[in-house]
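In this text the structure is predicted, and so the values were computed from the model without any measurement.
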Amino acid sequence: AELVESQLVLRHADTYIFKHALIQDTAYESLLKRTRQEYHSRIAKALEEGFGEQAEVESELLAHHLEAAGAERLEDAVQAWLAAAERAQASSSNEEAVSHVRRGLALVSSLPASSVQVQLELRLQIMLGTSLSALQGYAAEEVELAFARADALCGQLGPTPERFWVLWGLWAFYLVQGTHTKGLGFAERMLELATEQQDELLLLEAHFSLGLSYFYIGDDLPRARAHLEWVVERYDAERHHGAALLSGRQSVGVTSRSVAALVCFQMGAIDVAIERHEQALALSDELDHAVSRAYALGCATWFQLYMRDHAKARAFSDQTVELSQEQSFAWWLVLGTILGGSALAGLGEAGAAERIEQSLGPWRQTGSGFTMPYFLGLLSDAYQGEGRLHEAESRLEEALELAFSSGERFFEAELQRMRGTQRLLQAADDVEAIAMAEASFERAMATARVQGARSWSLRAATSLGGLRIRQGRGDEAR
């Protein structure tokens, strides 16, 4: 009462606040450390017992008081920072989640060595890797460090439910890095583990991971489609989306449909591809989950580029970029910018090639090596549209070399067809150039047939047929 009368403390309803932060700091520092810890402990206990559900909502506040309560409540403080991070991650507040996780990790090493300490650090490291993936990209160095540490912690614990998600994080890292053989190995281990546990959610994630890996490798599109359709047929938003909210990962219902659209297009199943494309967008809108929506929009841009509808691709690209800027999704921001540059090139707008070129550096800075053969192909096409044939040829040769060295071959047939087209543009009347172009078209058709990529085969056949008609070999074109 005296403090209120002196106006050092102000009362608002049932709440008291200091008139100035300096007064509060002075009063706080004047307390003995043990007294401060006791007050913090009492406040934490009130939050835990007296406010019930509010304690869960105010998990960050609870964590702060538990941490300040001293060694006796240290384990509870780590648990509270973990809970605060989970709440932030569920609302797509990944920067906030990372901040909370780091507070928890700073404390966990002070706990007595035990399986409880290892389990807590494991959960924190998995959450750190997942949140950083959304912010920095799946192949960022810090992401690898988090999941590698989590893998080592799993080794200390033996069989643990978290093992699957550690494998998932390492699979995503190596996939996006462009180390596809290694990534595929982790995906296969995920399927083995999910099958052993007969866990429906884990099976969905494992089949999607295999489908995506096989898509990028490109040699067996029917197998990629089989894994993805396995997920599409079994995913149920009511039963399965909660896991995406809790984990901070994108919804497997959205990702499976988004990638299935690309795979089905390449296989020539255009009607199914359009259906999956539309389903992915509708589901991501229904779920209202930011990282899932970014995935759907980015893949929708890619799909419309496949369809050669550059106006729609540009619209989806703009949405991808806008959402990524709002949510600080660095990886999706760069992808949306690159694909948007290709859409602008298709619309004949100047400077499109430069936009793609300038974005490839930031893409590599996220640690991403995958998709580069495709991006370089888009860049080559943009340069070609601007009449810069030397740059177009250079980027196309780089794309083909990278597709071979990385084992990422899903766009290889199209790159070979593009090589044939460029040779004709550079020397339309040169007999040797025509022969080389014809060989490129035939090689593209052969590659596409082996992969099951009917759309790429048809495009190459159309280019070869056009060449033969120009040569007066119309009978062979048919």
Report summary line: Hits for ring-ring contact (aromatic ring centres under 6.0 Å, His included) against Phe303, two or more places apart or cross-chain, chain-then-number order -> His277

Query raised in the report: So does Glu412 pair up with Arg417, basic N to acidic O under 4.0 Å?
Result: no

Query raised in the report: Is there a donor in the side chain of Gln266 and an acceptor in the side chain of Gln451, or the other way round, less than 3.5 Å apart?
Result: no

**Report entry** Donor-acceptor side-chain pairing of Glu408 and Tyr374 below 3.5 angstrom
**Finding:** no

Report task. Tell me, please, whether Tyr383 has Arg388 positioned over its six-membered ring: NZ or CZ under 6.0 Å from the ring centre and within 45 degrees of its axis? Result -> no

Query raised in the report: Hey, are Arg423 and Gln426 close enough side-chain-wise for a donor-acceptor pair under 3.5 Å?
Result: no

**Report entry** ring-ring contact (aromatic ring centres under 6.0 Å, His included) partners for Trp331, two or more places apart
**Finding:** Tyr138, Trp363, Phe370

Query - Flag for Ser213-Trp171: side-chain donor and acceptor within less than 3.5 Å - result: yes

Report task. For salt bridge (Lys or Arg N to Asp or Glu O under 4.0 Å), just list the numbers for Arg419 and Glu393, CA-CA rounded to whole Å, side-chain angles, deciding distance to a tenth of an Å, and then say yes or no. Result -> CA-CA 8 Å; Arg419 175 190 266 173; Glu393 180 183 18; over 6 Å; no

**Report entry** Salt bridge flag under 4.0 Å for residues Arg239 and Glu200
**Finding:** yes

Query raised in the report: Are the aromatic rings of Phe265 and Trp302 close, with centres under 6.0 Å apart?
Result: no

Query raised in the report: Checking ring-ring contact (aromatic ring centres under 6.0 Å, His included) for the pair Trp456/Tyr306: CA distance, chi angles, key distance, verdict?
Result: CA-CA 10 Å; Trp456 299 159; Tyr306 272 9; 5.1 Å; yes

**Report entry** Main-chain N/O of Leu128 paired to Ser131 side chain as donor or acceptor, under 3.5 Å
**Finding:** no

Requested in this report: Identify whether NZ of Lys or CZ of Arg in Arg163 sits under 6.0 Å from the centre of the six-membered ring of Trp165 and within 45° of that ring's axis.
Outcome: no

**Report entry** salt bridge (Lys or Arg N to Asp or Glu O under 4.0 Å) assessment of Arg123 paired with Glu86
**Finding:** CA-CA 10 Å; Arg123 293 175 62 193; Glu86 287 173 345; 3.1 Å; yes

Query raised in the report: Is it true that Glu278 and Arg257 make a salt bridge, defined as a side-chain N closer than 4.0 Å to a carboxylate O?
Result: no

Query raised in the report: Is it true that the side chains of Gln136 and Thr366 contain a donor and an acceptor less than 3.5 Å apart?
Result: no

Report summary line: Exactly one of Glu144, Glu142, Met127, Glu95 clears side-chain contact (heavy atoms from CB on, under 4.5 Å) with Leu132, and that residue is Glu142

Query - Backbone of Gly336 reached by a side-chain donor or acceptor of Ser317 within 3.5 Å - result: yes

Query - Distance (rounded to the nearest 0.5 Å) between His207 NE2 and Leu212 CG - result: 14.5 Å

Query raised in the report: Is Glu229 paired with Arg276 through a side-chain N to carboxylate O contact shorter than 4.0 Å?
Result: yes

Requested in this report: Check the pair Phe147 / Phe173 against ring-ring contact (aromatic ring centres under 6.0 Å, His included), numbers first and verdict last.
Outcome: CA-CA 9 Å; Phe147 283 117; Phe173 174 83; 8.8 Å; no

Requested in this report: Kindly state whether the ring of Tyr295 and the ring of Trp332 have centres lying under 6.0 angstrom apart.
Outcome: yes

Report task. Indicate whether any N or O donor in one side chain lies under 3.5 Å from an N or O acceptor in the other, for Ser380 and Arg395. Result -> no

Query raised in the report: Would you call Arg459 and Glu414 a salt bridge, using N to O less than 4.0 angstrom?
Result: yes

Query raised in the report: Does atom CD of Gln156 have more than 12 heavy-atom neighbours, drawn from other residues, nucleotides or ligands, at distances under 6.0 Å?
Result: yes

